[in-house]
Amino acid sequence: MVQVDRVALLGALLFTAGEPVAKERLAAAVESSGEELEGLLEELARRATGVGLVLLEHQGRVQLATAPEVHGVIKTFLGRAEEARLSPAALETLAIVAYAQPVTRAEIEALRGVDSTAALQTLLAHGLIEPVGRRSMPGQPIEYGTTAAFLERFGLPNLGALPPLPEEVRQLLAARREAH
Amino acid sequence: MVQVDRVALLGALLFTAGEPVAKERLAAAVESSGEELEGLLEELARRATGVGLVLLEHQGRVQLATAPEVHGVIKTFLGRAEEARLSPAALETLAIVAYAQPVTRAEIEALRGVDSTAALQTLLAHGLIEPVGRRSMPGQPIEYGTTAAFLERFGLPNLGALPPLPEEVRQLLAARREAH
Amino acid sequence: MEVSTRFRDVPVTVGTFSGPLDLLLHLVQSRQLPVTTVSLRAVTEQFLAALGPIEEAQPELLADFLAVASRLTALKARALLPRPAAEQQEEPEDRLVHDLAVYQAFREAAAWLQARETAGFRSWTRVPRLWPEPRVVRGSPEQLTRALLRWARRCRPVPRLLRLRPVVALPTMIERLRARLRGRQTFRVLLGARPTASEVAVGLLALLTLVRRREVVVEQPEPFGAIWVERRISDGAG
């Protein structure tokens, strides 16, 4: 029997699934260890660029999507209406969730200095953020994180593709987190 | 300007289209002659094998699909599928269709306040909703309703078995619809 | 007068700011200043001047703007009022500088996201096909009602947090203090009965302005104690 190319197999599985698939399931399907899988996915991502696709990775799940470079033609082709633009308040809140996740509403409001209820609701309705858990502290506030749809909407393969925050800001954030 | 790889562009277009696409549309999208297109599609088919996909051609239409060699694994993979989970956006849209049917896309979007194309497509793909008619008004928009499969998968004998909504929510649904 | 003309050079458009830190950052950047204690002090008057129009445009946000206004005013006061040496060691105002620096970084990240959005630089995923067989979704009726309850909550208008009296403009407050000052009085009495948070913030700034104009002298015998105000005997009369 011909040895099936496991990279190709992963591509076919992700193509069929359409939605994000947990890495454990993929590893089981191609009978690989988690470490081997990483290598296979890397090779798949490399081959996918040749057919205009990228591999999105979010919270241990992967998904095939079109490369952001070809967005213009696709939009015309699909006949998609112009998407509603996010307000500055929503974008600001989204940026905070993206970098500081998991993050509570109170933390977002402390960072923005302003009530963020409406901005959070807009982002939830657009499916760009979602509740990802509850903070273990009095009141157990909801923690928010970004979704796979966020990566898709902004053409990011994963959260690591966000531009890094300035070093001093990262330190300030870390110090604040410890203080809590 | 960066020269976009037209083979990759075709791959991305066929990936998002999901269904067979007429060659003339493809040629127009990548600004190629029919003859050029054949060459591009040939190269796409070659690259696609690397990611487990093949190019199906039928009556002048082409489509991306999984390679036959991997169907066995895909079937096992899908058979073992963890239950698919609806996103909060899809679930909200489904709830609106269930309680307010028959309902048009414009009405759903007015109620939710956001573009609901993706959510509707997901629900249609899962066979949970279907077009049930057309509204007699300018443009004759499609009206959606839930399917028999929806009742079965949500454990309902009929639509009358949906739990009653709080009065306040009922009024909100009714008021918003009328206002539209 | 330096103080009053300075905040006219950068007109502030009301209603375009996503919050008090956005306004503050805008004021600092309009003067091409870095985010420092000094630059925050420099834009304090301008920030307070913008409160009135903001209350008209977005009254529900005023409480948040006032919270920053009071921190700014405290920071400004530290620079202008003499303080015991022991007080100088701690610099709590750095906290506002840090907050603004962190906010600035997120603003830039938001701008980066916005640029991608404007350029339409995005990916598209694929709706799962019915072939070879659909993945089965199962759920419960209660999930549907919960989804609608969440939706209904979202539909409710954001409640107005506070109804506050209009913010007093700085020149008005200066006039008010001048008119009320009889002999030697405490700042608290000068403010009148039950002043609002904004009146305290603007009042303190008005007082500092009067000090700088050499119209009054102030004395605070103990830290955080009462501030005594007295009209300055003009050189001509003495």
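Here is the naming used below: chain letters follow the sequence lines, and residue numbers restart at 1 for every chain. Fair warning: this is a prediction, and the values are worked out from it, not measured in the lab. As a basis for the values below, the full set of heavy atoms in this structure was taken, side chains included, without hydrogen atoms, waters or symmetry mates.
For the atom pair CZ (A:Arg112) and CG (C:Asp22), the distance works out to 8.5 Å, reported to the nearest 0.5 Å. C:Phe106 CZ to A:Thr93 OG1: the interatomic distance, rounded to the nearest 0.5 Å, is 11.0 Å. A distance of 11.5 Å separates CZ of C:Arg122 from CG of A:Leu151, quoted to the nearest 0.5 Å. Note that the CD1 atom of A:Ile96 and the CZ atom of C:Arg107 stand 10.0 Å from one another [nearest 0.5 Å]. The OG1 atom of A:Thr117 sits 12.5 Å away from the CZ atom of C:Arg153 when rounded to the nearest 0.5 Å. Rounding to the nearest 0.5 angstrom, the gap separating the CG atom in C:Asp99 from the CG atom in A:Leu111 is 8.0 Å.
Using a 4.5 Å cut-off between heavy atoms, A:Ala98 does not touch chain C at all. For A:Leu86, the parts lying under 4.5 angstrom from a heavy atom of chain C are both the backbone and the side chain. Neither the backbone nor the side chain of C:Ala111 comes within contact range of chain A; no heavy atoms are under 4.5 Å apart. Using a 4.5 Å cut-off between heavy atoms, C:Ala105 touches chain A through backbone and side chain atoms alike. The parts of A:Glu92 that come within reach of chain C are both its backbone and its side chain, each placing non-hydrogen atoms under 4.5 angstrom from that chain. Heavy atoms closer than 4.5 Å to chain C are found in the side chain of A:Leu173, but not in its backbone.
Not counting sequence neighbours, the partners of A:Thr146 by the side-chain hydrogen bond (donor to acceptor under 3.5 Å, both in side chains) test are A:Gln101. Among residues two or more places apart in sequence or in another chain, the ring pair (Phe, Tyr, Trp, His ring centres under 6.0 Å) test is passed with A:His58 by none. Partners of A:Thr104 by side chain to side chain contact (heavy atoms under 4.5 Å, CB included), not counting sequence neighbours, listed by chain and number: A:Ala106, A:Glu107, A:Arg135, A:Pro141, A:Glu143.
Contact of the C:Leu113 side chain with the A:Phe150 side chain is registered, since non-hydrogen atoms from C-beta on lie closer than 4.5 Å. In this structure, the side chains of C:Pro20 and A:Val114 come closer than 4.5 Å at one or more pairs of heavy atoms. In this structure, A:Val54 and C:Ser123 have side chains that are in contact, with non-hydrogen atoms separated by less than 4.5 Å.
In C:Glu142, the CD atom is crowded: over 12 heavy atoms of neighbouring residues, nucleotides or ligands sit closer than 6.0 Å. Crowding of A:Glu36 atom CD: a count of heavy atoms from other residues, nucleotides or ligands under 6.0 Å exceeding 12.
When all heavy atoms of A:Ala95 and C:Ala109 are compared, the closest pair comes out as CB-CB, 4.0 Å.
Of residues 152-171 of chain A, those residues lying under 4.5 Å from chain C by any heavy-atom pair are A:Glu152, A:Arg153, A:Phe154, A:Gly155, A:Leu156, A:Ala161, A:Leu162, A:Pro163, A:Leu165, A:Pro166, A:Val169.
In terms of modelled atom types and a separation under 3.5 Å, the side chain of C:Ser18 and the main chain of A:Pro88 share no donor-acceptor contact. C:Asp64 contributes a side-chain N or O that, together with a main-chain N or O of A:Asp115, makes up a donor-acceptor pair within less than 3.5 Å.
When each of A:Thr122, A:Leu94, A:Leu91, A:Leu56 is checked for heavy-atom pairs under 4.5 Å with chain C, A:Leu91 comes out on top.
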